Number of protein chains: 2
Amino acid sequence: MGTNFAELDPVIHSRVRLAVMILLLHAESADFTYLKKELEVSDGNLSTHLRKLEKVKYIKMQKRFENRKPKTTISLTEKGRNALDEYTTILDAYLLLASKAK
Amino acid sequence: MGTNFAELDPVIHSRVRLAVMILLLHAESADFTYLKKELEVSDGNLSTHLRKLEKVKYIKMQKRFENRKPKTTISLTEKGRNALDEYTTILDAYLLLASKAK
DNA sequence: AAAAATAACTTTGTATTGCAAAGTACTTTA
DNA sequence: TAAAGTACTTTGCAATACAAAGTTATTTTT
């Protein structure tokens with residue numbers, strides 16, 4: 001896109017995945033059910049979004065058993081943190097343009 | 001989605017459509033070729049994005065001939081302006097959460 | 001004055017995405 | 001011990017995004 005509208009990372013530019021990344025930035029780590037409740041998405045939907053983030057190594061998932069139940073703990077990677085930082089910087093520029101016109 | 005992550009209008013939450021809306025907010029009106037050059041998208045891609053914005057009445061398109069050539073002039077509607085305003089407000093809240101964690 | 005080129009789009013075909021229903025592998029409760 | 005619950009993953013399908021091809025109107029070559 002043109003100079004004013006730099007490319008927004010399509011892996012992050014999704015309502016669910018952006019929210020996941022931001023939650024992880026705060027929480028340092030979170031488990032599957034916490035994210036599911038917080039974001040009010042279906043299991044299947046969350047699962048596929050997480051896979052997509054994992055595939056590009058923006059998050060990592062650790063699976064283990066806690067109280068005999070499976071427990072997936074998800075956390076941001078350094079790469080993910082950097083990608084989110086770049087994404088928000090670009091998006092800030094978009095929003096600045098939007099606010100200047102008001 | 002949960003309380004912290006309000007629903008982002010999916011019609012606006014697209015790289016191209018968000019940029020179109022912001023450009024229109026500044027320019028008051030713009031023509032097809034201007035948007036195409038500014039956003040560096042293909043004709044077909046831009047056309048379908050504009051249709052989507054028009055369908056929900058966020059923009060309106062006026063078609064006429066200028067210098068014997070077709071010319072489509074696109075502008076934001078009041079509804080579109082309000083929708084963009086709400087979208088940016090919600091997105092600002094997302095980004096605030098992202099920046100607080102840094 | 002046909003034929004080829006250009007402008008400004010729209011439509012079509014296809015690959016990718018997003019979502020929830022269904023499936024898996026257990027564990028807890030009745 | 002059958003039924004219900006937990007914590008996910010996989011599957012099927014509808015919606016989206018994109019560019020290639022098509023359309024319409026006009027202009028420039030030959």
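Because the structure is a prediction, the values reported are computed rather than measured. Letters A, B, ... mirror the listed sequences (proteins, then strands); counts begin at 1.
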Whole-Å distance, Leu53(A) CG to dG18(C) P, equals 10 Å

Using a cut-off of less than 4.0 Å, is there contact between a side-chain N or O of Arg17(A) and OP1 or OP2 of dG18(C)? yes

Pick base, sugar-phosphate or nothing for Ser47(A), based on heavy-atom distances below 4.0 Å to the nucleic acid. base

Atom NZ of Lys52(B) and atom C1' of dT10(C) are separated, to the nearest Å, by 15 Å

Atom CG of Asp9(B) and atom C1' of dT16(D) are separated, to the nearest Å, by 15 Å

Rounded to whole Å, NE2 of His13(B) lies from P of dT16(D) at a distance of 14 Å

Item to complete: Determine the interplanar angle of the Phe5(B) and Tyr94(B) rings, folded into 0 to 90°, and report it as parallel if under 30°, tilted if 30 to 60°, perpendicular if over 60°.
Response: perpendicular

Can we say Lys60(A) and Glu54(A) salt-bridge, meaning some charged N sits less than 4.0 Å from an Asp/Glu carboxylate O? no

- Salt bridge between Glu40(A) and Arg15(A), side-chain N to carboxylate O under 4.0 Å? no

Original post:
Hey, are Glu66(A) and Arg64(A) close enough for a salt bridge, meaning a charged N less than 4.0 Å from a carboxylate O?
Top reply: yes

- Query: Is there a side-chain polar atom (N or O) of Lys63(B) under 4.0 Å from OP1 or OP2 of dT10(C)?
  - Reply: yes

Protein-proximity profile, nucleotides 19-30 of chain C, B/S/- by nucleotide at the 4.0 Å heavy-atom cutoff, equals SBB-----S---

The reported gap from OG in Ser29(A) to CG in Leu23(A) (rounded to nearest 0.5 angstrom) is 12.0 Å

Of the candidates dT9(D), dC9(C), dT11(C), the side chain of Arg51(B) sits closest to dT11(C)

Between CD of Gln62(B) and P of dC9(C) the distance, given in whole Å, is 13 Å

- Query: For the side chain of Ser14(A) and the backbone of Pro10(A), is there at least one donor-acceptor N/O pair under 3.5 Å apart?
  - Reply: no

In whole angstroms, the gap separating P of dA17(D) from CD of Glu40(B) amounts to 19 Å

Between CZ of Phe32(B) and P of dT23(D) the distance, given in whole Å, is 18 Å

Closest to the 5' end of DNA chain D, once Asp31(A) and Pro10(B) are matched to their nearest nucleotides, is Asp31(A)

Neighbour count >12 (heavy atoms, 6.0 Å) for atom NZ, Lys79(B): yes

Name the nucleic acid region contacted by Lys36(A), choosing base, sugar-phosphate or nothing; use a 4.0 angstrom heavy-atom cut-off, strictly under. nothing

